[in-house]
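I have placed the structure first, in the form of structure tokens, so that the comments after it can refer back to it.
Whatever order the structure lists them in is the order used to number ligands and atoms, beginning at 1.
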Amino acid sequence: MKETLKRTWWKEAVVYQVYPRSFYDSNGDGIGDLRGVIQKLDYLKELGIDVIWLNPVYKSPNDDNGYDISDYYDIMDEFGTLADWEELLLKAHEKGIKIIMDLVVNHTSDEHPWFIESRSSRDSAKRDYYIWMDPKDGKEPNNWASFFSPSVWEWDEATGQYYLHLFSKKQPDLNWKNPEVRREVYKMMKWWLDKGIDGFRMDVINALAKAEGFPDAPTDGKKGRYVFCPSLYFNQPGIHEYLKEMNREVLSKYDIMTVGETGGVTPEEALLYVGEDRDELNMVFQFEHMEIDAGPSGKWETVPWKLTDFKRIMSKWQLSLQGKGWNSLYLNNHDQPRMVSRFGNDKEFRVESAKMLATLLHTLQGTPYIYQGEEIGMTNVRFRSIEEYNDIEIHNFYNIALNELGLDEKEVMEAIYLKGRDNARTPMQWDDSPNAGFTTGKPWLGVNPNYKEINVAAALKDSNSIFYYYKKLIQLRKENLVIVYGDYRPILEEDENIYSYIRTLDDDRILVILNFFDRTPEFRLPEDIAYDSAELLISNYNVDPAEDLRSIKLRPYEARVYRIR
Ligand code: ISL
Ligand code: CA
């Protein structure tokens, strides 16, 4: 194997993301909880995953479902107790499953004692824990738009200043320039690591440093008073000093994995976070492929995407990081629509297309992240009215779109059906009993009505299910180092229907063929790729073993992986 590629457990692992609120409710209050996760560990073991990423479980008033933390050292009431959490970690470890926690340190809740003290007066000892500014010309210090409200600035009447919040006004941003803040964060991280956790997923970690001087964002003729400008929020000078310090003080002392959520990074910027010689993070979640269907006005405007563009983005990331850093591989999470609805076909080819996309995720170079329910092909949801939605981002968009951007109700709801975060947050569909077996009570968010057909119990009974296909893919990665570490080389790059590539490790070679649509294109293996024999490793259709690889008529969403010699 190439010397540049150090073998590590987290490169060979498959991660499964649990959004605890929607995973399994053990006590009938309608909210998923930690005991619910404990009860489903055997299910995850059966699937074969190695690591669970737990979305935030800390104490929180739940303005943003746990991403607004009021106590980093305790568990949210709805999810259980610290003792439940300890039991979850112990039982998971007994089964050989690691757990990584969400680290949310760009902001806290406004109900965190630090913020309560910070806002109590201008000379509070903790005033500088957060970002406070005087008004400019009687208004906000600048025109930055927040993710979840019009402005990033919230006026505090009592002390006569604004505080900054990139997300909701109940999520004030911490001031990372303050060394005391950093020390507190590192102390907290060590506290969890010393309990034995296996790493962190780091929320909006590239936003810790903000643009110096908080300059106005360019308006570029955009509508609305405030401008959303990721290039001023993310990847700003100072960020790498913080992460290097965090690595030195905390991360380097443990055998753990880290994955930073980094919106708006290019591969070149990503390498500054994950380069193997950088001593910062192991992986980042990049968003370029998630933005492929975003229109000029942002994610809520969905435009058609082309496979050639998708391939170009994926290949760029594969080739740029190869031998230098490590990719994370995902097509959905708790903030994104369901992958089968977005990139596949959630109607007549739901099963085939879910398997095809899974094949992509598990055969690229990088660590795959499965989002709960993906392994049974769960789909987007369409609730009839805005009241049925819970997500703060959806409600904020709804209000701005109707009141400021002048969209009509129907247009707004269609945008929410395509991109709303609640698509991914409907309860896990365990069986065909009421509420999909998620809860005996009333679920906090409606269950997708398709649960009678799409559920875990049905998947486990069907040897041809998406679930068993995932299980096999995970197994294949474990048995074939070439799938984990092999070099990536795209072929047929200009093909509008087929995504195909070759992975090579020493003299081992894997050929991946993916038909991305319901059309039936012909796959032609380029002449310069010589081979004597081909062994089919996995496919989502029955395949004639004698079929000639030089020319294959592909069926809708067909996926095949061959070892060629
Ligand atoms: O860039 C995005 C979509 O294309 C955003 O979803 C971006 O990833 C995001 O808003 C940051 O998300 C994270 O931090 C938020 C929280 O609401 C999300 O759930 C979390 O994943 C604030 O903590
Ligand atoms: Ca519960």
Side-chain angles (χ1 to χ4, degrees), residues 17 19-39 53 55-58 60 62-69 75-81 84 102-109 145-149 152 165-174 201-208 228-231 233-234 259-265 284-295 298-302 330 332-337 342 369 371 390-397 419-425 427 435 438-444:
Q17 182 187 351
Y19 194 71
R21 202 173 190 78
S22 299
F23 195 58
Y24 185 62
D25 173 20
S26 71
N27 64 353
D29 67 354
I31 299 175
D33 45 54
L34 294 176
R35 303 217 69 82
V37 184
I38 294 174
Q39 288 179 36
W53 152 24
N55 279 106
V57 296
Y58 315 93
S60 165
N62 282 307
D63 188 50
D64 183 21
N65 288 355
Y67 281 97
D68 47 321
I69 297 169
I75 300 296
M76 183 188 304
D77 293 327
E78 293 94 320
F79 287 180
T81 62
D84 295 329
D102 223 303
L103 181 78
V104 189
V105 292
N106 175 68
H107 43 269
T108 68
S109 164
S146 142
F147 279 80
F148 302 156
S149 63
V152 299
H165 59 90
L166 288 186
F167 296 89
S168 96
K169 64 177 186 210
K170 287 186 66 63
Q171 293 167 297
D173 282 49
L174 283 164
R201 174 269 186 189
M202 303 184 177
D203 195 54
V204 285
I205 202 68
N206 59 334
L208 300 183
F228 188 70
C229 192
S231 62
Y233 311 163
F234 295 144
V259 50
E261 188 202 26
T262 55
V265 289
V284 293
F285 289 127
Q286 58 88 12
F287 283 80
E288 218 179 324
H289 63 310
M290 291 286 114
E291 282 150 16
I292 191 161
D293 56 2
K299 85 164 202 179
W300 294 103
E301 180 188 358
T302 302
Y330 75 99
N332 50 199
N333 60 34
H334 65 295
D335 292 334
Q336 299 289 336
R342 186 179 191 179
Y369 290 76
Y371 179 67
N390 168 279
D391 176 27
I392 182 169
E393 188 188 52
I394 290 180
H395 283 276
N396 173 53
F397 166 68
K419 291 288 174 63
R421 304 197 298 182
D422 281 343
N423 280 311
R425 299 178 180 185
N435 295 319
F438 162 71
T439 179
T440 54
K442 183 177 169 343
W444 70 278

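Annotation: ring-ring contact (aromatic ring centres under 6.0 Å, His included) contacts of Tyr19 (sequence neighbours excluded): His334. Scored by the side chain to side chain donor-acceptor pair (under 3.5 Å) test, Thr302 finds Lys419 as partners (sequence neighbours excluded).
Any protein N/O/S atom under 3.0 Å from the Ca ion (ligand 2) was counted, giving 5 altogether.
No salt bridge links Lys170 with Asp68; every basic N to acidic carboxylate O contact stays at or beyond 4.0 Å.
Closest approach of Asp33 to Ile31, counting heavy atoms only: OD2-O, 3.3 Å. Listed here is the closest heavy atom pair of Asp335 and Glu261: OD2-OE2, 3.9 Å.
For Asp25 (side chain) and Thr440 (main-chain N/O), no donor-acceptor pair under 3.5 Å exists by modelled atom type.
Separation of the Trp53 and Phe285 ring centroids falls under the 6.0 Å cut-off.
Contact shell of ligand 1 (protein heavy atoms, cutoff 4.0 Å): Asp64, Tyr67, His107, Phe147, Phe148, Phe167, Gln171, Arg201, Asp203, Val204, Glu261, Phe287, His334, Asp335, Gln336, Arg421, Arg425.
For the residue pair Tyr58 / Asp102, no side-chain donor-acceptor distance below 3.5 Å is found, with atom types taken as modelled.
Note: Asn390 CG to Asn65 CG = 5.0 Å, rounded to the nearest 0.5 Å.
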